[in-house]
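Residue numbers start from 1 in every chain, and the chains themselves are labelled A, B, ... in the order their sequence lines are given, proteins ahead of strands.
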Number of protein chains: 2
Amino acid sequence: MIFVGIVEDDDQIRKSIQDFLNRQNGFQCNWSFNSIESLLPNLKAEVLPQVLIMDLGLPGMSGIDGMKIIKERYPQIDLVVFSVYNDPQKIFDSLCAGATGYLLKNTPLEEIKSGIELLVSGGSPMSPQIARKVVEFFASRGKREITSPLSAKEKEIVVGLVDGLSYKLIADRLTISIETVRFHIKSIYRKLHVHGKAEVISKSLRGEI
Amino acid sequence: MIFVGIVEDDDQIRKSIQDFLNRQNGFQCNWSFNSIESLLPNLKAEVLPQVLIMDLGLPGMSGIDGMKIIKERYPQIDLVVFSVYNDPQKIFDSLCAGATGYLLKNTPLEEIKSGIELLVSGGSPMSPQIARKVVEFFASRGKREITSPLSAKEKEIVVGLVDGLSYKLIADRLTISIETVRFHIKSIYRKLHVHGKAEVISKSLRGEI
DNA sequence: TAAACACCCCCATGTTTATGGGATTGAATC
DNA sequence: GATTCAATCCCATAAACATGGGGGTGTTTA
């Protein structure tokens with residue numbers, strides 16, 4: 001038996017999902033609330049839902065803030081977002097807040113059911129659009145390094161800077177003179193149009209090198 | 001009709017997928033290779049597969065390096081990884097290299113088919129285990145800020161450092177004296193156990209603050 | 001073969017940081 | 001009502017950094 005809760009301010013949607021799940025074998029959906037504020041006092045450590053279906057656009061506290069609180073208090077609950085929003089910001093904020101699934105509101109009831117089953121078996125149900133956006137997040141992190149204007153040695157120097165080493169220590173690490181380190185750093189500043197190692201470190205860690 | 005290619009060094013697996021797809025309505029799988037090296041010379045801009053199923057553990061060039069090359073030359077091809085590996089590093093490297101899907105080798109043929117259909121319709125097929133690991137990547141980015149030892153003001157100073165500002169400019173931005181900036185930075189260094197702004201910037205951008 | 005570039009080293013000068021001291025105020029905790 | 005603590009300022013010094021010059025050596029390439 002999978003115990004499910006739902007937080008959704010649209011009564012019709014909420015009841016429709018709840019009724020549907022309660023008609024399925026192996027499902028029981030007794031937690032049903034229209035806001036985070038009304039849900040929280042009703043969560044007791046003894047009897048918790050395994051899965052919480054969460055709307056994002058709620059009256060009062062947002063679904064994202066709500067998920068942060070819930071995950072902090074009851075990390076064992078699996079949260080699955082159920083929202084109309086498909087913009088990357090909402091998606092990433094939700095995942096960072098602790099959601100392990102993200103279904104758009106146009107998801108058929110049957111797929112909500114299989115999504116929940118997937119969730120409790122260790123998967124992460126996501127609407128196709130959502131999964132694609134999540135994947136694209138990584139793709140943007142990968143397209144680089146072809147255009148980096150820095151030479152191999154200069155990149156090594158940058159690594160030293162990011163590690164917080166002084167010129168002297170970078171020189172030791174690369175077994176070159178501190179003067180050579182200085183020379184390279186001048187080149188790096190010129191090529192990157194920056195004027196201090198702080199900016200180099202920032203650019204580097206943002207993947208802009 | 002969906003045109004599919006496959007790069008897989010295990011002849012049996014490759015042929016089995018190829019034959020299966022060719023038996024399906026709307027599928028044609030004519031590109032079939034056992035290494036990146038043998039695939040590349042056979043990709044011509046005029047006739048490209050829409051989808052390439054890629055093994056990771058290939059003889060010669062790795063699937064990940066191969067995907068980088070393919071995506072650079074033919075960004076319109078959708079790549080879906082087909083591998084036994086389910087460790088986070090392989091997953092993230094693949095996604096960064098341009099994969100838009102990631103199926104484990106235990107995926108049934110029918111699901112490979114529906115995965116490809118999902119792919120061309122704008123989704124991202126992922127085995128449940130894989131999707132979960134991708135989602136967990138974001139979750140780890142979210143659990144923070146409760147334990148940050150820095151005061152509100154100190155965090156503002158850190159932002160200034162990350163932006164590459166000098167003490168003077170930070171002082172101006174926050175309309176306080178440069179001496180106060182110095183004082184705060186001393187506190188920050190003490191609290192974070194670091195000895196230079198480089199380390200502060202690194203920690204900050206890594207989400208460790 | 002000359003230009004271009006990566007890489008190596010040295011010097012000088014001024015600025016910025018790191019680190020130690022110290023002092024005062026106000027808000028919060030106890 | 002004492003203590004704690006963030007926040008504000010001041011001073012001093014040594015170390016690290018930024019920036020400008022000046023030399024060289026190799027390798028690649030047009």
Rounded to the Å, how far apart are K197(A) NZ and dA18(D) P?
-> 7 Å
Which of these, V158(B), L192(B), L150(B), sits in a side-chain contact (heavy atoms from CB on, under 4.5 Å) with S204(B)?
-> V158(B)
Lys/Arg N to Asp/Glu carboxylate O, E154(B) vs K186(B), below 4.0 Å = no
Can you sort out which residues in residues 175-185 of chain A have a heavy atom within less than 4.0 Å of DNA chain C? Ascending by number, please.
-> I176(A), S177(A), E179(A), T180(A), F183(A), H184(A)
Taking all heavy atoms of A99(A) and all of V81(A), pick out the closest pair and write down the distance.
-> CB-CG2, 3.7 Å
Provide, to the nearest angstrom, the distance between the CG atom belonging to L192(B) and the P atom belonging to dA18(C).
-> 13 Å
Among the nucleotides dA6(C), dC17(D), dT19(C), whichever has the atom closest to the side chain of Y189(B) is dT19(C)
Determine the contact category for K186(B): base if any of its heavy atoms lies under 4.0 Å from a base atom, sugar-phosphate if only primed atoms, P, OP1 or OP2 are that close, otherwise nothing.
-> base
Would you mind checking if D11(A) and R14(A) are paired as a salt bridge, meaning a charged N to carboxylate O distance below 4.0 Å?
-> yes
E136(B) and K133(B) ion-paired at < 4.0 Å | no
Using atom CD1 of I188(A) as one end and atom P of dC5(C) as the other, report the distance to the nearest whole Å.
-> 17 Å
Take the protein atom CD1 of I157(A) and the nucleotide atom C1' of dA6(C), then report the distance between them rounded to whole Å.
-> 12 Å
Using heavy atoms to find the nearest nucleotide of DNA chain D for E154(B) and L165(A) separately, return the residue whose nucleotide is more 5′.
-> E154(B)
Heavy-atom closest contact (K197(B) atom, Y189(B) atom, distance) = N-OH, 2.9 Å
Qualifying residue for side-chain contact (heavy atoms from CB on, under 4.5 Å) with Y167(A), from T180(A), I157(A), I178(A) = I178(A)
Provide, to the nearest angstrom, the distance between the OH atom belonging to Y167(B) and the P atom belonging to dT16(C).
-> 12 Å
So which one's nearest nucleotide on DNA chain C is more toward 5', H195(B) or K153(A)?
-> K153(A)
Select one nucleotide: of dT16(C), dA7(D), dA6(D), the one nearest the side-chain heavy atoms of S151(B).
-> dA7(D)
Is the CD atom of Q76(A) crowded by more than 12 outside heavy atoms at less than 6.0 Å?
-> yes
Gap between atoms NZ and P, on K168(A) and dC10(C) respectively (whole Å) = 12 Å
Spacing of R190(B) atom CZ relative to dA6(D) atom P, expressed in whole Å | 8 Å
Centroid-centroid under 6.0 Å between F137(B) and F138(A) rings = yes
L169(A) CG to dA18(C) P, in whole Å, measures 15 Å
The dot-bracket string of DNA chain C, counting Watson-Crick and G-U wobble pairs with both distances under 3.5 Å, using [ ] for crossing pairs and | for pairs to another strand, is ||||||||||||||||||||||||||||.|
